Amino acid sequence: MAKGRPREFDTEKALDAALMLFWRHGYEGTSLSALTRAMRISTPSLYAAFGSKETLFRKALDRYVQKPASYLPNALKEPTARRAVEQLFRGAINMVMHPRHPEGCLFVHGALAASPGCESIREQLSLRRAAVEALVRRRFDRATAEGDLPSGTNARQLARYIITVLWGLSVQAAGGAKRSQLKEIAEIAMHCWPKSPGRKLR
C-alpha cells in the first residue's frame, strides 16, 4: 500500500497557534480563515490533521493544560493543601499577567457570549472546569485523611470556594486588574483557610 504524503507543517506549532487564537477570541469568535492563516495551513489540511474545528478546539484545551495552565495539576503535588492552593493562586496570577498571553482563562472565557449552536463547546468547558474542581476536592479529601486539614472539613465546599476565587482572578485580570490587586484577592482568600482546633493566630 502506498504511503500518504507527509504533512508539510509542524503540527505542534500549528496547535499552539490555534490555542492562542481560541484563547484570545473564544471558540465562536475564531473563524476557520483566521485559524488557517495563523496555523499556516490550508482548510483541507486542517480537517485532515484535526478532523473539525470543534476537535481542534478540544485539542487546544488539552494543550492549554499541558503548557500555560500546567500550574493547575502541578500545584496539587505540593506537600500540603495550603501550599497547593497558594501555588494555584500564584500560578493563575502569573499566567493571566504574562505579557504574551491573551486576557483571562480559556476555560472561563472560551465560550462566553456564544450562540445556542455552541452548546457542546460550553458543555465541554463546563466539564473541564468541573474536572479541575474535582481534582482540588480530592486533594482536600486526602489532606483531611492525613490530618493536614482539620477533621470535619467539607472538602467539597472548600474546593468550590477556592475554584471560584481561582476563576475570578482571570475575570478580574481581563477587566484590567493589576498584579498587586490580584495578589490582594488571593491573600484575602487565604485568610479563610480552615484552622485546626485550638490553633492560635500569629
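What you see is a predicted model, and the numbers here were worked out from it, not measured in a lab. Values below: all heavy atoms of this structure, side chains included; hydrogens, waters and symmetry mates excluded.
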How many angstroms lie between atom [atom1] of [X] and atom [atom2] of [Y], to the nearest 0.5 angstrom?
X: L125; Y: L106; atom1: CG; atom2: CG; result: 6.5 Å
X: M97; Y: L182; atom1: CE; atom2: CG; result: 6.0 Å
X: M39; Y: D10; atom1: CE; atom2: CG; result: 10.5 Å
X: I121; Y: L61; atom1: CD1; atom2: CG; result: 7.5 Å
X: R137; Y: F140; atom1: CZ; atom2: CZ; result: 11.0 Å

same_hphob_cluster(L32, Y27) at 4.5 Å side-chain heavy-atom cutoff: yes
Residue pair R83 / Q87, side-chain donor-acceptor N/O under 3.5 Å: no
Side-chain donor or acceptor of [X] paired with backbone N/O of [Y] under 3.5 Å:
X: S126; Y: R122; answer: no
X: K195; Y: W193; answer: yes
X: T30; Y: L21; answer: yes
X: D148; Y: A81; answer: yes
X: W23; Y: G104; answer: yes
X: R139; Y: L76; answer: yes

Would you mind reporting whether V96 and L169 have side-chain heavy atoms less than 4.5 Å apart? no
Side chain proximity check, W167 to V132, heavy atoms < 4.5 angstrom: yes
Checking L72 against Y64 for the side chain to side chain contact (heavy atoms under 4.5 Å, CB included) test, could you report, in this order, the C-alpha distance in whole Å, the side-chain angles of both residues, the deciding distance, and whether it holds? CA-CA 10 Å; L72 289 167; Y64 180 69; 5.5 Å; no
Could you tell me which non-hydrogen atom of [X] sits nearest to which non-hydrogen atom of [Y], and how far apart they are?
X: R128; Y: D62; answer: NH1-OD1, 2.8 Å
X: L15; Y: A60; answer: CD1-N, 4.0 Å
X: P102; Y: M20; answer: CD-CE, 3.4 Å
X: M95; Y: Y71; answer: SD-CE2, 3.8 Å
X: S151; Y: T144; answer: CA-CG2, 4.4 Å

Residue that, paired with P68, satisfies side chain to side chain contact (heavy atoms under 4.5 Å, CB included) out of R100, R63, H101: H101
Is it true that E86 and R82 have a side-chain N and a carboxylate O under 4.0 angstrom from each other? yes
I'd like to know if R129 and E133 make a salt bridge, using a cut-off of under 4.0 Å between side-chain N and carboxylate O. no
Think K53 forms a cation-pi with F22, using NZ or CZ under 6.0 Å from the six-ring centre and within 45 degrees of its axis? no
By the salt bridge (Lys or Arg N to Asp or Glu O under 4.0 Å) test, which pairs, at least two apart or in different chains, include something from residues 166-188? none
